[in-house]
Structures are given as C-alpha cells and as structure tokens.
> 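Please see the structure below; I have some questions.
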There are 2 protein chains.
Amino acid sequence: GEYGDKIACISMGPAGEMKMAAASIAFTDMEQRPTRHAGRGGVGAVMGAKGVKVIVIDDAGTKMRSPKDPEKFKAATKEWVDGLKKNPTTGEGLPSYGTNVLTNVINEAGSYPTHNFLWGRFEGCEKISGETQAETETSRGGSATHGCHRGCIIRCSGTYVDKDGHYITKQPEYETVWAHGGNCGINDLDAIAQLDRLDDDYGLDTIEMGATIAVAMEAGIAKFGDAKAAINLVKEVGKGTHLGRILGNGAAVTGKVFGVERVPVVKGQAMPAYDPRGIMGIGVTYATSTMGADHTAGYAVMTNIMDIGGSVDPLKPEGQVELSRNLQIATAVVDSTGMCLFVAFATFQALLDMVNSFYDMNMTADDVVAFGKSVLKNERDFNIKAGFTSEHDRLPEYFKREALPPHNITFQVKDEDLDQVFNW
Amino acid sequence: GEYGDKIACISMGPAGEMKMAAASIAFTDMEQRPTRHAGRGGVGAVMGAKGVKVIVIDDAGTKMRSPKDPEKFKAATKEWVDGLKKNPTTGEGLPSYGTNVLTNVINEAGSYPTHNFLWGRFEGCEKISGETQAETETSRGGSATHGCHRGCIIRCSGTYVDKDGHYITKQPEYETVWAHGGNCGINDLDAIAQLDRLDDDYGLDTIEMGATIAVAMEAGIAKFGDAKAAINLVKEVGKGTHLGRILGNGAAVTGKVFGVERVPVVKGQAMPAYDPRGIMGIGVTYATSTMGADHTAGYAVMTNIMDIGGSVDPLKPEGQVELSRNLQIATAVVDSTGMCLFVAFATFQALLDMVNSFYDMNMTADDVVAFGKSVLKNERDFNIKAGFTSEHDRLPEYFKREALPPHNITFQVKDEDLDQVFNW
C-alpha cells in the first residue's frame, strides 16, 4: 500500500462516519487485516465526530523499548509464559477452540441467553460450538489456532474460511457467535462468520449488533432464526438506510424506536453472552461497570461457572458483590498494562514482576490493588460528572421479574448490595 | 355516536399505539373534536403501553359540584372574571389573535428560534403571525375567537378553515406555528394548519414534531422551508415507517440516529418557541423544569419580554434564577387547580378566594407558596429516584458556545446558579 507494509492502522468504517452508537475502531492484525476491534462503547463515533478516518502508524525513527532490568524481566517473562502454557485454559482450551469453547459450557450451565434473553438454553448450540467451529475451520483448510498479535503465546484465534477454502473472517469470538447466533436463534456458523465480517467491514461492535438484531426480531422486523434476514439487517446499517440508522445506534435506541420493553442494556449498552439471572456475579458487573453492560470489566463467569479463583454459586446472590468488586479492581490493573486480559490466567505475581523489572519499580500487590481502585474511582468520577447515579447501576426491571428457564430464576442481588460494589 | 353526544373522550392515536416518545393524549373540545392535547412528555405512549385506546366519560349518575360557600365563591368568581377581562392580554390580545400574537413580539425581540435554533429572527414572520392568522380565519369564514372548553371567558382559540371555508383544524397555537413554521423556515399558514391537524389525528405533540423535523432538516432529510416535505415527514410517522418511527420518537432520538449534534433538548424533550439565549429566564426554566424543556413550567417570557410581573432584562443572566424559581412555584399552584394557566393574568388573590370558598379552606398566600414548593419537591424527588442529577439541569453545550444573531449572545446563566433554582 501507499504507506508500505511495515505499518499498523487504526480506522473507523461507515458506521463511525455516521456517528453510530455501535461504531467500533478497527486495528490491523499481523496480516494487515482490520479484524481486531475496540468494539464496545461506540468509540468509532468519536473518530467520526472528529473527522478522523484512519491513523497510520509506522516505526520510522523509533526503537524497541528495553526493560530497565533485563535479567529480572527475562526471568519474570519466562515464569509468566510457563504459567500461561501450563494453565489448562490458556494452554489448551483457548488455543484449540478459541473463546467459543464457552458455547457448550454456558449452555450446559443454563445461562446462555437465547431469543433476546428469553431462555437460558439454545437447542442449536452444538452446531455453533467452539468444537464444531474448530473442526469446520481445519477441515476446510482454515486454521483453529492463530495469534491476533505478534508475540502471543496463547493464540486463541483462528481463520474462518468458506467451503472452498476462501477466507471469510478471523475466527468469530464466543460473544460474536452468541450475539449473531444463539441470541437470534441462528445456528449457522457460515452465516455468523459472514455477519462478523460485515460488522468488521462497516466498523460495528458484534455484541451490540447481535443484541440489536434480537431486539429488532422481538419487534417483528425479522423472525428469530432467520439468518438471511439478519445479514440483510446488518447490510442496512452499512448502507445507512433509515432502518440501518436505527439498528446501528444499538439495542437501546432500537428498543425505544420500536417500542420494545425487553431491551437487555445497562447504561445504554447491550449485555453480552451470559444471562445475569443464571450467572449472578456477571450481573453485578453488568449493572455496576462504568461503561455499561460489559463482561470483560469483571469476568465473574470464571468463578461462578469454572471455579477459577474460588467458587461462588452462580444461582445465589451471596458473594457476588465481593467477587465482582475484586475482579473489577484486578481487571482495571491488567487493562492498564495494555496486555490481553487472558494474561490473568497466569500468576498475578509474574505479571507484577514483569512490570516492576521493565520500569524499575517496586509495586507490591497492595500497591497494585490501590492502583486498580484509583482507576475505577476515576472512571466513576467521570460518570458522576456526566450525570450517572446509582439508579443507573441497575439491570432492566424485567430481569427481576421474569424467571429464566431452565433454572426458572430471577436476578436476586439487591439494589442496596449493588451500591456496595465500589464501597471498599 | 355509540355513547351519545353528552360525553367527553380522552384518547391516544397511532403514535401512542406505537409507544412513541412524542405521542400525546387528546381531549375532545366542545364540538367533540379531539383537538386539545396533553402534548408534552410522551403521555400517549403510556396509554399505548397500557393498551388503553380511549376513555369515554359521561355524566350519568353524577351531579355538578357546588361550592361550600356559594356567596363568597360568586363574589370571588366575579372579581376573577373582571380581572381577566380588564387585563389587556386576556381581555384583548388573546381573544383577538390567540397565542400566536407572540410571533411578532418574540421575533421583534430577536429571540425567535429559526432554522433549528440557528438564528433569532425569521424573515417570514409576517406571513405566519397571529394578526395574519386571525385575518385569514375571519376572511375565509372561520373564526379568530373561540373557547376550547365550556365556561371559558378568554376564548383565545379560533377555527382555521381552508380557502373554501372547510374546517382544517382549531387555530394553531403560537408554539405550533413556530415549531412547524418558523423553526423549519416555513412561512405558509395553510401548510402549518395541515401539519397541526395531522399531529392531532396521529396523536403527536406539535412542539416536539416541529423541533424534530428541524433536526431532520439539519440532518439533510429535507430542506429548510420545504412545507411539502415536512407534511410528508409527519405522514411517515402516522404510517409507522422506519423513518416515521425515528421522527415520532422526538428530537433527541432523531438527533442521535442521524448523528446531529445541534439538538435543542433538555432531559430528552425539545425546547419550545423561545430561544434561551435571547430570553435567559426561560432558559433557566428549560434547564431546570422537572419534565425537560418546557415553557409553561415557569413562563419567564412574561417578565423578560412583556414586563409583566416586574421587569428583568432578557439578555442578562442577573435575576433569571429568582424569576424562574418564583414562576415555577406559582405555576405548580395554578396547575394543581386544574385551571388554564392563563388565569394567572388575573389577580392571584381572586384565584385563592375562589379555591378557599369552594372548598371552605383558609389558605393564605404563604400556604399557597409552600404548597407550590411541595409539588416541585415531589417532582424533583421522583426525578432523583429516576436517576436525574444536576447534570441534567443543563442546556445543551452549544447554547453556551454559539452566539445567537441578531443580539449575538450566548446563554450566560452559570451552572452553579442553575443549581440554586430549587434551593429556596
């Protein structure tokens, strides 16, 4: 291209140009494809509002940064790499099946939202599971194990190709497969891959778009399970038709415009692939996260469902607030390093040693916790100045009213307990 | 009809059925026409959500209420009626020209928002003024003086007919003529009357719809001044097309969907026919009213422009907070009587005497002020529980940034002063 091959690009698409609330920012991967998105929060609309189409980065005139204490850094890195490789999730599960390994797990747990959060199990799960996805990829000549950036030792991504072996998209993540698949009653991996690709091309958040299409389906715009209709709806967004303008502004706006009352959003952002009634810890994170419903801000699914980092019953309100609080603090720390969140599967001490040796610092575990809290406090202060109150740290009412099959359970964490998440 | 002639109807239209944010509730007038609307706040959507299409009221089994002290009530009523008849506004201006008498007044003051609040004067004002409107009505065989309910002694309404003398709609109010007219660059009274009628038939708030169409015009959906396009846009709402669904949900949603940044709303509700930069007292009311931008909640225009109830320079921030506060308290009282707000042009004491003699009470002026404050406090408490904060008691940023011609002035009441409105 015009700027050579040794570049990286940060760009927005038509959705960002139209300043849509679901607009993402794309980052190029190692193959120079714009497949890695800062998906959530509508950040693409910020680029659109500023009139910035793309930022091209090359390394001219810069040099590789070096650790202040190379010996210690090397030792810490080794321990950290070993930790990730030994861990069954980052060493085996994620490389083999990607994040989509979760489809069967969450469905089995009865907390897989389908038909716009109506039920907790989807009968078409097997057809879109990580296992099926990996087999489909490898049998067609794609790949089920692929890194999304240089130096990655987990390589949880893959390459999704069509029946003739032609590239369609990078391996869709669990949340994407859920959003465009199970949540819309769609059990067709090829259609889901096409939806993922369209989202990437237009610069759209896959979670928000899938959740939005499910709301549109509830409004009668299309039928649950109709993959062709779903593809057309995303194309409407790319074209910027009136319907597309509505959908591209996400589930909250779509629900409002079509008068739908069951809209799974917090602070205007759609919930991801875990029903908060069946995994109450993630419900606490959805409700209280500063950026709206977001699983990554405090991934309680880990402890609620996989018994990692302890064990807290997903179907009971007890212990969820403390769990979400601790995870939100830890996540704020990991996010501040700029590293992939999956590094949390290694020991925290190894990560700390890496940071300390790189910058010649002496942060203790206590320092790190204090730092995480300060990040969350800054975010909360921003929200307060933007007019958010504890009334916004709530799930939509219907999650307290409608019981989710198969456990037939409502969200049971009390409002006053939600208000204690940031009261440490 | 099915229920006879001695009935009154409270109904919602297609907009309410579609649960649109601009949906109104219509009340029949003396001619059984559904021309009198509870326009603002989207109340029609509440009927829609509850599945109530119409409430039919007859007086079977009821009798006329009687005052507890008939002598005193009669005397108070006489004084009150005399007060309204003697007052130049309620005795002459309103009966002759209706509320639309304000078009020339506000335009002359340079505070008449046009082209989506871009300028403070509209060159087409003469063609849509109350004077022109009254002359058009009477010359065609309509009427420029007509009461909207039994017993009215002001009769500020009228009957708008087409060139052949056929009824189109009740006389459009100033705010309607502004919203569908001047604010959209439209100077055609017949088109405005048609828009008013369409709004009434679909059950839509005229202020919100006019403000929304101006935002849509800024988005490029139609051209400013194109009356035919504006009529078609309202018809889209009635049909419930995708575009209509957007517009029917008001200016805030329309601005969001089309990525427009200049959207004149507070708490999601569109501003009426007075630019807050040119009439800063009404700006304070827009910002702090519990139901969003609303001129009726504390009509500072009276004192800022007409020197009624004192005199406060509209182009200076000084005194506006106190003015708006006192008017909001008084308005809460008048609204609680169920009487038309225009009764405020008579003496307040006469109104108080009427209420006291009717109910055999002894409310003093101080009691009434305390009562008004308690109403506002209840409303504020409701809002706080709904998640509103002082950050929502603000005008959109651009009113502080963009100077309004011809006075080339921005809104200058400080945030910390706005926060004192309810600190009595």
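Numbered from 1 within each chain, the chains take letters A, B, ... in sequence-line order.
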> Kindly determine whether B:M20 and B:V237 satisfy side chain to side chain contact (heavy atoms under 4.5 Å, CB included), including the steps that lead there.
CA-CA 9 Å; B:M20 288 170 167; B:V237 179; 3.7 Å; yes
> Under 4.5 Å from any heavy atom of chain B, what part of A:A45 do you find: side chain, backbone, both or neither?
neither
> Tell me, do B:R262 and B:E402 make a side-chain contact under 4.5 Å, heavy atoms counted?
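A side-chain contact exists here, since the closest heavy-atom pair is under 4.5 Å.
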> Less than 4.0 angstrom from a charged side-chain N to a carboxylate O is my criterion; do A:E208 and A:R40 meet it?
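A salt bridge links A:E208 with A:R40.
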> Can A:Q320 and A:S324 be counted as having a side-chain donor-acceptor contact under 3.5 angstrom?
no
> Among B:T241, B:L243, B:I384, single out the residue with the greatest number of heavy-atom pairs under 4.5 Å to chain A.
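Top option by heavy-atom pairs under 4.5 Å: B:L243.
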> Based on non-hydrogen pairs under 4.5 Å, which of A:K19, A:E261, A:M18, A:R245 is most in contact with chain B?
A:R245
> Side chain, backbone, both or neither: which part of B:V253 has a non-hydrogen atom closer than 4.5 Å to chain A?
side chain
